[in-house]
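Accompanying notes for the structure given below.
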Amino acid sequence: MANQLFIYSLSIIWVMLLYHMFLMQGGYQYSLTHFKPIEEWKRKNITLPKVSILIPAYNEEIVIDKTIRAMTRLNYPKEKLEVIIVNDNSQDQTGAILDQYAELYPYIVPVHNKPPFSGKGKSGALNAGLNHASGEIIIVYDADNVPEKDAVYNLVLALLNDPKAGVVVGKFRVNNAKKNLLTSFINIETICFQWMAQAGRWNWFKMTTIPGTNFAIRREIIQQLNGWDEKALAEDTELTIRVYNLGYYIRFFPAAITWEQEPESLKVWWKQRTRWARGNQYVILKFIWRWLTLKKKSILFDLFYFFFTYFLFFSGVIISNVILIANLFFDLRLEFGVVAIVLWVLAYLLFITEIMITLSIEKTELTIKNLAIVSIMYFTYSQLWILLVINAIFLEIKRVLLRQEVKWYKTERFGDSPKNHPPM
């Protein structure tokens, strides 16, 4: 029995590793070519439309000032810009800060969301902001984001020149990567997500997932979809499926860059990532049973990927860990002793190789320090993900069985420090 389980777990792990290697190759190719159409698009000199930027904000006084200042520096005609910041019944100075900026800049529009309409999470705040938006294109940023000056222009440029794209997604980077070991792990994870999951899938399959920030969507599409799903903890992934189902694709365009703050403590990271995991599990369960009614069958590919990641892959990792640990104390009579060790070592080396090649896409990230961090990442940060997903599955089963209401956890912010300086 132990032999069969071990073969199963190794097979699952190697399928995932090889698939990520395939994505890494696609992401690397796309990194070399994604900027080529920009000059051609600019020469067309298409009239820029009015855009509405939506920023949901709940108790964001620590970071919101920096975010608004970044909005005032955007290279986009200010007469065609509308920055709607939804103050979702904040209890700190967020509302006062917004009002101060609104007096200075007419395109800064504060929306003070009060009970009973507030407190419905990020989706609820976005829907409230959408009700006030007048732009042809809707762009979303989180309240801790510092977009580079050309970020909005590049999102709009790509959307205008790609009629089949319903959404254009930019790239996000970590602005507090050097704060501590946890933020260093997250920085590496973020870069891999951008260039493997986003760029790699776009390059091979023309598929991308909408993130929570730095994306532009056509106004008629989000209205046709009746806004964001307020029951979804991962409103971005949920929206992704519905946009694809309308027949559009979602373009990844990493020339649009924003910098965001990541959790600096394990407690905050755990809560944030548990919400993400539960949100993605919600999306899987919501749509996987409706696959017969989905108009765009290619969505099944993405749903299967999420299912594979959150269920099959984690079952394989857990089983292999249990068998390897148990075999240290009991003779399980594994018939693949030496072969198993060789496969495990090869998997570990492949893990490091994939990540380091991906890091090489970003200037300044292919360093000895990052190599050292990646070498311990497999045994530390990656293992934490296993515990987190198990916890998320337990909480989601509990929510369904007890019919509990979904509660949206807002990520806590951290004060600025000399180590937090995105290049502008």
Side-chain angles (χ1 to χ4, degrees), residues 38-39 41-57 60-61 63-88 90 93-113 125-162 165 167-173 175 212-223 253-260 421-424:
I38 294 178
E39 289 306 316
W41 290 345
K42 285 182 177 178
R43 283 196 294 272
K44 291 181 180 178
N45 204 22
I46 298 176
T47 302
L48 293 174
K50 183 176 182 180
V51 303
S52 298
I53 298 176
L54 304 185
I55 304 175
E60 301 284 6
E61 65 177 8
V63 293
I64 198 65
D65 183 82
K66 198 171 182 178
T67 300
I68 299 176
R69 279 190 280 124
M71 297 297 156
T72 65
R73 293 194 295 264
L74 291 173
N75 284 334
Y76 202 85
K78 297 300 185 291
E79 68 276 11
K80 296 182 177 181
L81 189 63
E82 184 178 60
V83 182
I84 300 173
I85 306 170
V86 182
N87 169 30
D88 199 32
S90 297
Q93 293 301 307
T94 300
I97 295 170
L98 300 186
D99 290 339
Q100 289 172 5
Y101 273 100
E103 291 180 4
L104 297 173
Y105 303 97
Y107 53 88
I108 303 292
V109 182
V111 172
H112 297 289
N113 212 16
L126 287 171
N127 286 332
L130 184 61
N131 290 334
H132 291 79
S134 59
E136 297 172 41
I137 293 175
I138 307 297
I139 295 177
V140 174
Y141 281 106
D142 281 339
D144 64 331
N145 268 220
V146 180
E148 295 189 0
K149 292 179 180 179
D150 289 329
V152 166
Y153 174 76
N154 284 331
L155 287 174
V156 174
L157 190 67
L159 201 57
L160 291 178
N161 285 279
D162 191 347
V167 179
V168 169
V169 169
K171 180 177 72 174
F172 62 88
R173 294 291 314 277
N175 69 9
T213 186
N214 198 27
F215 70 89
I217 183 169
R218 301 180 195 278
R219 181 191 180 87
E220 65 265 25
I221 292 178
I222 193 66
Q223 285 184 325
F253 192 53
I257 305 169
T258 190
W259 294 78
E260 67 177 21
H421 290 296
M424 297 295 295

**Asked** With distance as the sole test, does Arg218 use its side chain to make a donor-acceptor pair with the main-chain N or O of Leu159 at under 3.5 Å?
**Response** yes
**Nearest heavy-atom neighbours spanning Val111 and His132** = CG1-CE1, 3.7 Å
**Item:** Residues forming a ring-ring contact (aromatic ring centres under 6.0 Å, His included) with Phe172, sequence neighbours excluded
**Value:** none
**Asked** Listed by chain and number, what are the salt bridge (Lys or Arg N to Asp or Glu O under 4.0 Å) partners of Arg173, not counting sequence neighbours?
**Response** Glu362, Glu365
**Message:** What's the separation between atom CD1 in Ile138 and atom CD1 in Ile84, rounded to the nearest 0.5 Å?
**Reply:** 7.0 Å
**Prompt:** Without hydrogens or angle criteria, can the side chains of His112 and Asp88 be said to hold a donor-acceptor pair below 3.5 Å?
**Reply:** no
**Message:** What's the separation between atom OH in Tyr107 and atom CD in Glu79, rounded to the nearest 0.5 Å?
**Reply:** 11.0 Å
**Message:** Checking Leu54 against Val86 for the side chain to side chain contact (heavy atoms under 4.5 Å, CB included) test, could you report, in this order, the C-alpha distance in whole Å, the side-chain angles of both residues, the deciding distance, and whether it holds?
**Reply:** CA-CA 7 Å; Leu54 304 185; Val86 182; 5.8 Å; no
**Request:** Taking all heavy atoms of Ala143 and all of Ile55, pick out the closest pair and write down the distance.
**Result:** CA-CG2, 3.7 Å
**Request:** Specify the closest pair of heavy atoms between Leu155 and Gly170, including all atoms of both residues, with the distance to one decimal.
**Result:** CD2-N, 3.7 Å
**Item:** 4.5 Å side-chain heavy-atom contact, Leu48 and Val156
**Value:** yes
**Prompt:** Counting distance only, does the side-chain N/O of Ser52 pair as donor-acceptor with the main-chain N or O of Gly135 below 3.5 Å?
**Reply:** yes
**Prompt:** Under 3.5 Å, is there a donor-acceptor pair linking the side chains of Asn145 and Thr213?
**Reply:** yes
**Request:** Check side chain to side chain contact (heavy atoms under 4.5 Å, CB included) between Glu61 and all other residues, then give those that pass, not counting sequence neighbours.
**Result:** Asp92, Gln93, Thr94, Ile97
**Asked** Mind checking whether Val152 and Ile139 have side chains closer than 4.5 Å, heavy atoms only?
**Response** yes
**Asked** What is the distance from atom CD of Gln223 to atom CD1 of Ile221, rounded to the nearest 0.5 Å?
**Response** 11.0 Å
**Request:** For Ala151 and Asn214, work out which heavy atoms get closest and say how close.
**Result:** CB-OD1, 4.5 Å
**Fill in**
Hits for side chain to side chain contact (heavy atoms under 4.5 Å, CB included) against Val63, two or more places apart or cross-chain, chain-then-number order -> Glu60, Asp144, Gln261, Arg413
**Message:** Using 0.5 Å steps for rounding, measure from the CD atom of Glu260 to the OG1 atom of Thr67.
**Reply:** 10.5 Å
**Non-hydrogen side-chain atoms of Ile85 and Val109 separated by less than 4.5 Å** = no
**Request:** Indicate the atoms forming the closest heavy-atom contact of Tyr76 with Leu81, along with that distance.
**Result:** CD2-CD1, 4.4 Å
**Request:** Sequence neighbours left out, what passes side chain to side chain contact (heavy atoms under 4.5 Å, CB included) with Ile46? Give chain and number order.
**Result:** Lys44, Leu160, Asn161
**Message:** Between Trp41 and Phe253 (judged by ring centroids, cut-off 6.0 Å), do the two rings come close enough to count as a pair?
**Reply:** yes
**Message:** Please identify which of these residues, Ile257, Asn154, Thr258, meets the side-chain contact (heavy atoms from CB on, under 4.5 Å) condition with Lys171.
**Reply:** Ile257
**Fill in**
Tested for side-chain contact (heavy atoms from CB on, under 4.5 Å) against Leu98, the lone hit among Val83, Asn87, Ile108 is Asn87
**Asked** Under 3.5 Å, side chain of Arg43 to main-chain N/O of Ile38, donor-acceptor pair present?
**Response** no
**Prompt:** Considering all heavy atoms of both residues, which atom of Leu74 and which atom of Glu148 are nearest to each other, and what is their separation?
**Reply:** CD2-O, 3.8 Å
**Request:** Give, for atom NZ of Lys149 and atom CZ of Arg73, the distance between the pair rounded to the nearest 0.5 Å.
**Result:** 7.0 Å
**With Tyr101 via side chain to side chain donor-acceptor pair (under 3.5 Å) - residues at least two apart** = Asp65
**Met71 side chain near Val146 side chain, heavy-atom distance below 4.5 Å** = no
**Request:** Keeping the roles fixed (side chain from Glu82, backbone from Ser134), state whether a donor-acceptor pair exists under 3.5 Å.
**Result:** yes
